[in-house]
Q: 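My structure is below; once you've seen it, I'll send some questions.
Just so you know, these numbers use all the heavy atoms, side chains as well, and skip hydrogens, waters and symmetry mates.
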Amino acid sequence: MKKITLLLFISLLTFCFSFAQDSNSCAQAAPITPNAIYSVAAVDGTPSGTSCIDAIIANNAEWYSYTPTSDVSATITTDLPASNGRDTRIQVYTGTCAGLTCQGGDDDDASGFLSTYTFNATSGVTYYIVFDNRWESLGFDFQLTEAPIVVSPITFTSSFLGATGQYKNCVVDMNGDYLDDIVTVDANNLNIHYQQVGGGFTATNIATTTADDVPSWSISAGDFNKDGFNDLLYGGGTGASFIASNATGTAYTVTSNPEYIFSQRSNFVDINNDGHLDAFVCHDVDPNVFYLNNGTDNTLVYNQGGLGDSPTGGNYASTWIDYDNDGDVDLFIAKCNGGGAAASARYNELHRNNGDGTFTDVSVASGLYDPVQTWSSAWGDYDNDGDLDVFVGASSFTDGQHKLMTNNNDGTFTDSTPGCGLDTFTGTSTEHITHDFNNDGYLDIFTANNTIMLNNQDLTFSPVNVGFSVGAVGDLNNDGFLDVYNSNNFIYYNDTNSNNWIKINTQGVQSNSNGIGARIEVHTTNLGKQIRDVITGNGFRHMSSLTTHFGLGTETAIIKVVIKWPSGIVDEILNPNINETLNVVEGNFLDVAAYSLGSKLIYPNPTTDFIQISDVNLNNATTLIFDINGKRVRNYAIQNNRINVTKLASGTYFLTIQEGNNLFKNKFIKK
C-alpha cells in the first residue's frame with residue numbers, strides 16, 4: 001500500500017502532516033491541499049489508460065485529487081530540491097473515474113527532466129492529478145500552489161481532436177489547398193485531418209507499407225518529388241524514412257533507408273540550390289547525414305560528413321536560415337552533449353553557405369560558438385532591423401543559461417540577454433520556437449513552462465503562461481491567427497484580437513516546389529520591414545505550417561511584399577490586401593520596371609570592368625545584381641567603393657545597394 005507523507009519543510013514555516021492515504025488508483029486518489037509538499041515513494045499504481053501528453057500510455061501511475069474553493073490559477077510542479085535528477089510526467093484530468101477528460105499536462109518543462117503545469121482551476125471542480133512512470137518509477141516530491149487568475153494578453157481555447165496515430169506533431173497542408181491540415185502517424189498509416197473551407201476537419205486514414213523508422217524524434221514535410229503534394233520525413237532512433245505522395249496526394253510510398261542514424265531534428269532543404277529538395281538529419285552519436293536529391297527521379301542519395309562532423313555527435317536541432325542576408329541558406333546546429341564531452345559535441349555550430357555548394361564553419365567568428373546545452377534554438381528578426389537573430393534556448397543550465405544573440409549584420413552576433421527578460425526566465429525545455437502569436441508585428445518566443453515570451457517591441461520579453469506546451473503551429477481555423485496542435489491531441493485555438501495580418505504561400509518554379517529557403521519581406525509604414533525565411537522543421541520535434549505568417553498590428557495597408565527566391569528570382573507585389581492569404585507563384589511578379597537610377601551615382605555606365613559608386617564607407621553594404629528578367633546573378637563585394645564586373649556577361653543589369661535601412665536601385669549596362 002502506497003503512503004504519502006507530508007515532509008517537514010526545514011524553515012521557519014511548518015506544514016501540517018497529511019493523513020496517510022492510498023493513491024494507487026483514481027477511486028483512491030489522495031486529496032491534496034495548496035502549498036504542502038508531498039513525497040511519492042515510487043510510481044506503482046494503476047495507469048489512467050489515456051495520455052494528455054502524447055499517445056504513450058504508461059504502465060503505472062499515482063493519483064491525487066484537488067478541489068479549489070475559489071477560481072484560481074493552479075500550478076502543480078515536481079521542480080523541488082528533493083526531486084533533483086528525477087524524470088517525471090504530470091497529467092491533469094477532470095470528470096469522473098469512469099469518464100476522465102484531459103485538462104492538460106507537462107513533460108520536461110521544468111529543470112532537467114522535471115515537470116510543471118499551470119491551469120485555471122474552477123471553484124468546486126475536482127481535478128485528478130496523475131504522475132505516471134513513462135520515464136521512470138522512482139520517487140519524487142511535488143507541490144501545488146495557487147495564485148490569482150490574471151487576465152492574459154494572449155489566450156487560447158482548447159478543443160479535443162480525437163486523432164488516431166501514435167505521433168501527433170505535424171501541421172502542414174497535405175492536399176494543396178493552402179489550408180493547414182493535421183497529420184498523425186503510425187508506422188503503417190497516416191491519419192490526416194483535412195481542414196475544410198469554412199471551418200472544421202474531415203479525417204482520412206491512408207494506409208502505407210510499414211516504415212522501419214517512425215517519427216519518434218522528429219518529423220518534417222516538403223514536396224521533394226515535385227508533384228504538388230507534401231511528402232514526409234520521419235526521424236527515428238535508428239534511421240530515416242521518406243514517405244512520398246503519389247500524383248494526386250491520395251496514396252504514399254514508404255522508403256526506409258538502411259543507414260543507421262540516431263536521428264534528431266530533420267529538415268527538407270535545398271542544400272545545393274538546384275531546385276530540388278534535399279533532406280538533412282542531425283545525428284546524435286556520429287557526424288550529420290544528408291540526402292541529396294538527384295533531380296531526375298527524385299531519388300535521395302545518402303551522404304555523411306561536411307556539415308557537423310563531431311565523431312561523437314551531439315547534434316540535436318538543425319535550422320536552415322539566411323543569417324548573413326546573402327540570398328542562400330546557412331546552417332545552425334544546436335548541440336546538447338554536455339558535461340565532460342568533447343568541444344566538438346558540445347559547442348553550437350554555424351555553417352555559412354559559400355554559394356557554390358560548400359560551407360564554412362564560422363561558429364567562432366560569428367560569436368555563436370557556445371556550450372549552452374540546447375535541443376533547439378529559435379531564429380527570427382526580434383528587433384525588426386532586417387536581419388535574423390537567435391534565441392539559444394537551454395535544455396539545462398549546466399553549461400550556461402538562455403541567450404538572446406542579436407545580429408550585427410556583419411557576420412557577428414552580440415549577446416543581448418541582460419535585461420531582456422529572458423535572462424530571468426528559469427524554465428528549461430527541449431522545444432523553443434518563434435512566431436507572432438498576437439499579430440502585433442513582432443516575433444514572440446514559445447518556450448519552456450508552457451510559456452510564450454511576448455515581444456515588447458523593444459527587444460525585451462514578458463512571460464505569458466498559456467497552459468500548454470510547445471506543439472505544431474499553424475492557422476487551423478483560417479482566421480489569420482496562429483493556433484497550436486499539441487501532442488496531447490488538443491487543438492489550442494488562438495482567441496485573437498483586433499490586429500491585422502497577412503499570410504503568404506510560396507510556390508516555386510525554378511526553385512523547389514515549396515519555396516523553402518526563400519526570404520519574404522513585408523513593408524509597411526510604421527512597422528517598416530518585417531522578414532521571414534521559409535523553413536521546414538523548427539524547434540526540435542514538430543513540423544509547423546509552411547505558410548508564412550506576418551502580424552501587422554494596427555497597420556491598415558501594406559506597401560509591398562518582396563519574395564527573394566532561392567533561384568535568385570525576386571517577386572515584388574505592390575499593395576496586397578491585408579487580412580488575406582497571398583498565394584505567389586515564382587516569377588509572376590518580377591520587379592524589373594521599378595529599377596531606375598537611384599540617388600547614388602554609379603559610373604562608368606556602360607562599363608567593361610568596374611562600377612564605381614559615388615559614396616564613401618560602403619564596404620559593409622549589401623550588394624546584389626539582377627539580370628533583365630529579375631533573376632539574381634550573384635552577390636558582389638564592394639571594395640574601395642567599386643565592384644568588379646569583369647566576368648559578367650554583356651547585357652543590361654540592375655544593381656541594388658542596401659545601406660542600413662536605405663535601399664538604392666540602379667540600372668547599368670555591361671559591354
Side-chain angles (χ1 to χ4, degrees), residues 102 154-165 168-185 190-206 221 223 227-230 232 245 248-252 435-439 466 468 471-507 513-515 520 522 532 534 542-553 555-558 561 573 576-585:
C102 279
I154 180 170
T155 60
F156 296 80
T157 298
S158 63
S159 176
F160 186 71
L161 181 65
T164 62
K168 299 177 174 66
N169 52 358
C170 181
V171 167
V172 72
D173 172 26
M174 292 295 286
N175 58 356
D177 64 356
Y178 293 128
L179 294 174
D180 288 324
D181 308 312
I182 294 175
V183 186
T184 62
V185 173
L190 297 178
N191 179 230
I192 305 177
H193 279 66
Y194 294 105
Q195 186 178 166
Q196 301 299 297
V197 176
F201 296 88
T202 298
T204 302
N205 282 305
I206 302 177
D223 182 14
D227 65 356
F229 298 95
N230 283 320
L232 300 173
S245 62
T248 59
T250 56
Y252 292 82
H435 298 276
D436 184 0
F437 287 100
N438 60 355
N439 279 7
V466 293
F468 58 91
V473 176
D475 187 356
L476 294 171
N477 54 2
N478 200 30
D479 65 354
F481 286 76
L482 293 175
D483 314 303
V484 180
Y485 175 63
N486 201 281
S487 55
N488 63 8
N489 219 355
F490 277 84
I491 299 172
Y492 293 92
Y493 287 109
N494 196 318
D495 289 333
T496 77
N497 55 39
S498 60
N499 286 336
N500 297 314
W501 52 272
I502 187 171
K503 296 190 298 182
I504 299 164
N505 289 303
T506 47
Q507 182 179 329
S513 291
N514 305 98
I520 302 179
V522 172
R532 304 276 194 276
V534 183
H542 304 94
M543 175 65 208
S544 293
S545 175
L546 284 168
T547 299
T548 305
H549 167 271
F550 292 84
L552 299 175
E555 299 277 19
T556 58
I558 297 172
V561 170
I573 302 95
N577 293 332
I578 64 170
N579 299 334
E580 290 187 4
T581 300
L582 180 64
N583 301 322
V584 181
V585 177

Q: To the nearest 0.5 angstrom, please state how far the CG atom of Leu552 sits from the CH2 atom of Trp501.
A: 9.5 Å

Q: Please report the shortest heavy-atom distance between Val561 and Pro576, naming the atom on each side.
A: CG2-CG, 3.8 Å

Q: Do you know which two heavy atoms are closest between Gln195 and Leu179, and how far apart they sit?
A: O-CD1, 3.7 Å

Q: Please enumerate all residues that pass side chain to side chain contact (heavy atoms under 4.5 Å, CB included) together with Glu580, with sequence neighbours excluded.
A: Asn577

Q: Just jot down the side chain to side chain contact (heavy atoms under 4.5 Å, CB included) partners of Ala251, sequence neighbours excluded, or say none.
A: Asn246

Q: Within this structure, what is the CD1-CE distance for the pair Ile192 and Met174, rounded to the nearest 0.5 Å?
A: 4.0 Å

Q: Please identify each residue that fulfils salt bridge (Lys or Arg N to Asp or Glu O under 4.0 Å) with Asp173, with sequence neighbours left out.
A: none

Q: Quick one: which residue pairs count as a salt bridge (charged side-chain N to carboxylate O under 4.0 Å, His left out) with a foot in residues 494-507, not counting sequence neighbours?
A: Asp475-Lys503

Q: Please enumerate all residues that pass ring pair (Phe, Tyr, Trp, His ring centres under 6.0 Å) together with His435, with sequence neighbours excluded.
A: Phe437

Q: Would a 4.5 Å heavy-atom cut-off, applied to side chains only, mark Ile491 and Ile182 as touching?
A: yes

Q: Are the side chains of Phe160 and Cys102 in touch, meaning some heavy atoms are under 4.5 Å apart?
A: no

Q: Any donor and acceptor pair, going by atom type alone, linking the side chain of Asn497 with main-chain N or O of Asn438 inside 3.5 Å?
A: yes

Q: List the residues meeting ring pair (Phe, Tyr, Trp, His ring centres under 6.0 Å) with Phe201, not counting sequence neighbours, and say none if there are none.
A: none

Q: Side chain to side chain contact (heavy atoms under 4.5 Å, CB included) between Ile154 and Asn494: does it pass, once the steps are laid out?
A: CA-CA 8 Å; Ile154 180 170; Asn494 196 318; 4.3 Å; yes

Q: Is the shortest side-chain heavy-atom distance between Val185 and Cys170 below 4.5 Å?
A: no

Q: Got a sec, which residues hit side chain to side chain contact (heavy atoms under 4.5 Å, CB included) with Gln507, two or more places apart in sequence or on another chain?
A: Tyr178, Val585

Q: Could you walk me through whether Ile504 and Ile573 satisfy the side chain to side chain contact (heavy atoms under 4.5 Å, CB included) test, starting with their C-alpha distance in whole Å, then the side-chain angles of each, then the deciding distance to 0.1 Å, before giving a yes or no?
A: CA-CA 11 Å; Ile504 299 164; Ile573 302 95; over 6 Å; no

Q: Taking the side chain from Asn477 and the backbone from Gly199, do they hold a donor-acceptor pair closer than 3.5 Å?
A: no

Q: Tyr194: what forms a ring pair (Phe, Tyr, Trp, His ring centres under 6.0 Å) with it, not counting sequence neighbours?
A: none

Q: Taking all heavy atoms of Ala221 and all of Leu546, pick out the closest pair and write down the distance.
A: O-CD1, 4.0 Å

Q: In Å, rounded to the nearest 0.5 Å, how long is the span from NE2 of His549 to CG of Asp436?
A: 6.0 Å

Q: How long is the straight-line distance from CG of Asn175 back to OG1 of Thr248, given to the nearest 0.5 Å?
A: 11.0 Å

Q: Examine Phe468 together with Phe156 and report whether their ring centres are nearer than 6.0 Å.
A: yes

Q: Looking at every heavy atom in both Ser544 and Gly471, which two are closest together, and how far apart are they?
A: OG-O, 4.3 Å

Q: Side chain to side chain contact (heavy atoms under 4.5 Å, CB included) with Ser245: which residues, sequence neighbours excluded?
A: Asn225, Asp227, Phe229, Asp231, Tyr252

Q: Of all heavy-atom pairs between Ala203 and Asn191, which one has the smallest distance, and what is that distance?
A: CB-ND2, 4.4 Å

Q: Nearest 0.5 Å, what's the CD1-CG distance between Ile206 and Leu190?
A: 6.0 Å

Q: Determine whether a donor-acceptor pair (N or O, by modelled atom type, separation under 3.5 Å) exists between the side chain of Ser545 and the backbone of Gly474.
A: no

Q: Who passes side-chain hydrogen bond (donor to acceptor under 3.5 Å, both in side chains) against Asn514, sequence neighbours left out?
A: Asn230

Q: Report yes if the side chains of Val534 and Ile520 come closer than 4.5 Å at any heavy-atom pair, otherwise no.
A: yes

Q: With sequence neighbours left out, what residues match Asp223 under side-chain hydrogen bond (donor to acceptor under 3.5 Å, both in side chains)?
A: Ser513

Q: With no hydrogens and no angle check, is any side-chain donor or acceptor of Asp180 less than 3.5 Å from a backbone partner on Leu476?
A: no

Q: In Å, rounded to the nearest 0.5 Å, how long is the span from CG of Asn499 to CG of Asn439?
A: 6.0 Å

Q: With side chains defined as the heavy atoms from C-beta onward, is the minimum distance between Ile558 and Ile578 less than 4.5 Å?
A: yes

Q: Check whether any side-chain heavy atom of Thr157 lies under 4.5 Å from a side-chain heavy atom of Tyr492, and answer yes or no.
A: no

Q: Using the ring pair (Phe, Tyr, Trp, His ring centres under 6.0 Å) criterion, which residues pair with Phe550? Sequence neighbours excluded.
A: none

